Structure formats: C-alpha cells, structure tokens
Novice: 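I'd like to ask some things about the structure below.
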Amino acid sequence: MIAFLKGTMAGSTLSHAFINVNGVGFSVGMSATDLSRLPDRGSEVMVYTHLSVREDAMVLYGFLSQEAHALFLRLIGVSGVGPKVALAALSTFKPEELVSAIQSQDVKAISNIPGVGKKTAQRLILELKGTLAEEAEGNLFSAQIAEASARLQGARDALLSMGFSSAEADLALKDAPESADTEGALLQYALKRLGSV
C-alpha cells in the first residue's frame with residue numbers, strides 16, 4: 001500500500017522515526033540499527049515501508065535497505081513472529097548475519113533475539129531455511145545479502161576448523177565492518193578480536 005516514504009527527518013525516539021512528507025508527519029517503527037543510521041533532523045531521508053493493519057491499529061514500519069525490508073517480510077510470515085519480534089531480530093543482527101544464523105541452524109544465536117525462545121528459534125529455522133536458499137538461487141532475495149551470508153558462513157567455518165567454539169566464532173564475527181567484504185578480511189577481523197593475530 002505504501003512502498004516507501006521520501007521526506008525530511010523531523011525527529012526520532014528509541015523506537016520510531018518521524019518523517020515529514022509534504023507537511024504530513026509519519027510515525028515509522030524502525031529497528032535500533034536503522035534508527036542509529038538516520039540522518040540529522042532537517043535532512044532528506046527515504047525509507048522502505050510496510051503497513052501493518054490490525055483490528056485496533058494501523059502501524060507503519062520502515063527500513064533503510066531493501067534487504068532489511070525483504071527479511072522483515074519473511075520473518076513476520078513465520079507463525080508466532082510479529083512485527084515487534086522481527087524488528088528486534090533486525091536490531092540484534094545485520095540481515096546477512098541473521099540469514100547466516102538461519103542457514104547454519106544456529107538455534108543459540110537466534111535465541112539471543114529479545115522475545116525469541118528456543119522453540120521460536122527452531123520454528124524460524126524450519127520455516128525459513130529452505131525458503132531463503134530457494135529465493136537466493138532464484139534471485140528473488142537480494143543476491144548481495146546471499147553473498148554476504150555465504151562469506152560470513154565461510155569465515156565462521158574456518159574459525160571452527162581452527163578449534164574455536166561456535167560461541168567464540170559468532171562473537172568474533174559480530175558487527176564486522178562493511179569494509180570486511182571478503183571471507184579473508186572477515187577471518188582476519190575475527191582473529192584480531194580473538195587475539196590470535
């Protein structure tokens with residue numbers, strides 16, 4: 001219904017951005033990650049949106065990237081996962097990190113998302129693992145996010161083969177900078193964090 005908003009930043013809270021579009025103010029729910037990346041008040045901004053319609057409310061959710069938007073739609077398609085949990089997932093992980101955790105069936109990592117217990121994490125994996133793989137192959141899901149996920153998984157596998165635990169590997173790779181855009185660069189970044197270089 002509303003594919004995106006392009007307007008001027010009017011302000012933000014810990015959970016919402018306020019965007020002025022030709023004199024109309026939109027309240028947009030966003031992940032903590034995207035909220036931290038918004039421009040200053042008065043600057044132009046564009047967000048991809050999803051309108052959630054319930055009996056008692058209409059809520060607009062926004063995303064700075066198409067990858068995050070696409071993943072949000074996949075997440076809320078899982079039974080028992082609503083918009084709040086989906087935003088919490090995107091606040092906890094970068095899209096490629098979350099896809100990697102789902103593809104590697106990392107229940108423990110996914111359970112770190114606020115509001116997600118072990119059973120919900122297992123359901124997310126069960127319902128999304130095959131879908132994400134098919135969409136990546138069919139180029140329906142962003143090729144960029146699929147490649148980033150593969151690089152992340154490759155670096156993770158390399159760390160495991162060196163004797164690091166799954167928890168150590170995940171912690172070392174978390175919040176890797178965008179400049180670490182190859183498997184080798186990711187591995188080097190992780191090893192530095194682990195104090196092995």
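Hydrogens, waters and symmetry mates are skipped; everything else that's a heavy atom, side chains included, is used. All figures in this text were calculated on a predicted structure; none of them were measured in a lab.
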Novice: With rounding to the nearest 0.5 Å, note down the distance linking CG in L191 to CG in L186.
Specialist: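 It comes to 11.0 Å.
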Novice: Quick one: side-chain contact (heavy atoms from CB on, under 4.5 Å) partners of S43, sequence neighbours excluded?
Specialist: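 Partners of S43 under the side-chain contact (heavy atoms from CB on, under 4.5 Å) test: P39, D40.
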Novice: I'd like to know if the side chain of R193 reaches the main chain of Q188, judged simply by a donor and an acceptor atom lying under 3.5 Å from each other, with no hydrogens or angles considered.
Specialist: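 No.
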Novice: Taking only distance into account, with no hydrogens and no angle test, what donor-acceptor pairs under 3.5 Å do side-chain atoms of residues 5-20 form with protein atoms, sequence neighbours excluded?
Specialist:
{"residue": "T13", "atom": "OG1", "partner": "S15", "partner atom": "N", "Å": "3.2"}
{"residue": "T13", "atom": "OG1", "partner": "H16", "partner atom": "N", "Å": "3.0"}
{"residue": "N20", "atom": "OD1", "partner": "G23", "partner atom": "N", "Å": "2.8"}

Novice: Restricting to non-hydrogen atoms, name the atom on A190 and the atom on L173 that form the minimum distance, rounded to 0.1 Å.
Specialist: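 The answer is CB-CD2, 3.8 Å.
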Novice: Would you say the side chain of F26 lies within less than 4.5 Å of the side chain of L60, judging by non-hydrogen atoms?
Specialist: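 Yes. Closest side-chain heavy atoms under 4.5 Å.
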Novice: Checking the side chain of E97 only, and the main-chain atoms of K94 only, is there a donor and an acceptor separated by less than 3.5 Å?
Specialist: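 Side chain of E97 to backbone of K94, a donor-acceptor pair under 3.5 Å: yes, one is there.
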Novice: Taking only distance into account, with no hydrogens and no angle test, what donor-acceptor pairs under 3.5 Å do side-chain atoms of residues 77-93 form with protein atoms, sequence neighbours excluded?
Specialist:
{"residue": "S79", "atom": "OG", "partner": "E127", "partner atom": "OE2", "Å": "3.1"}
{"residue": "S91", "atom": "OG", "partner": "A32", "partner atom": "N", "Å": "2.8"}
{"residue": "S91", "atom": "OG", "partner": "L87", "partner atom": "O", "Å": "2.9"}
{"residue": "T92", "atom": "OG1", "partner": "A88", "partner atom": "O", "Å": "2.8"}

Novice: So, do L38 and M30 sit near enough that their side-chain heavy atoms are less than 4.5 Å apart?
Specialist: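 Heavy-atom side-chain distance check passes, below 4.5 Å.
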Novice: Under the side-chain contact (heavy atoms from CB on, under 4.5 Å) test, which residues partner S161, sequence neighbours left out?
Specialist: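 Partners of S161 under the side-chain contact (heavy atoms from CB on, under 4.5 Å) test: none.
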Novice: Tell me, which pairs form a side-chain hydrogen bond (donor to acceptor under 3.5 Å, both in side chains) where one or both residues lie in residues 26-35, sequence neighbours left out?
Specialist: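 Sorted pair list: D34-R37.
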Novice: Any chain of hydrophobic side-chain contacts (each under 4.5 Å) joining M46 to V28?
Specialist: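 No, M46 and V28 fall in different hydrophobic clusters.
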Novice: Examine V59 and L73 and state if one hydrophobic cluster contains both, with Ile, Leu, Val, Met, Phe, Trp and Tyr joined whenever side-chain heavy atoms are less than 4.5 Å apart.
Specialist: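 Same cluster: V59 reaches L73 through Ile, Leu, Val, Met, Phe, Trp or Tyr contacts under 4.5 Å.
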Novice: Can you give the donor-acceptor pairs under 3.5 Å from side chains of residues 47-57 to other protein atoms, not counting sequence neighbours?
Specialist:
{"residue": "T49", "atom": "OG1", "partner": "I2", "partner atom": "O", "Å": "2.5"}
{"residue": "T49", "atom": "OG1", "partner": "A3", "partner atom": "O", "Å": "3.4"}
{"residue": "T49", "atom": "OG1", "partner": "F4", "partner atom": "N", "Å": "3.4"}
{"residue": "R54", "atom": "NE", "partner": "D56", "partner atom": "OD1", "Å": "3.3"}

Novice: Got a sec, which hydrophobics cluster with Y189, joining ILVMFWY side chains under 4.5 Å apart, including via others?
Specialist: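 None; Y189 is a cluster of one.
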Novice: Work out which heavy atom in R74 is nearest to a heavy atom in L128; give both atom names and the distance.
Specialist: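 Result for this residue pair: O-CD2, 3.7 Å.
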Novice: List the steps and the verdict of side chain to side chain contact (heavy atoms under 4.5 Å, CB included) for L187 and M162.
Specialist: CA-CA 11 Å; L187 188 58; M162 292 177 190; 3.9 Å; yes
Novice: Could you measure the distance from the NZ atom of K119 to the CZ atom of R123? Nearest 0.5 Å is fine.
Specialist: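 K119 NZ to R123 CZ: 9.0 Å, rounded to 0.5 Å.
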Novice: Without placing hydrogens or testing angles, list every side-chain donor-acceptor pair under 3.5 Å for residues 105-112, not counting sequence neighbours.
Specialist:
{"residue": "D106", "atom": "OD1", "partner": "K108", "partner atom": "N", "Å": "3.4"}
{"residue": "D106", "atom": "OD1", "partner": "A109", "partner atom": "N", "Å": "3.1"}
{"residue": "D106", "atom": "OD2", "partner": "R156", "partner atom": "NH2", "Å": "3.1"}
{"residue": "S111", "atom": "OG", "partner": "V107", "partner atom": "O", "Å": "2.8"}

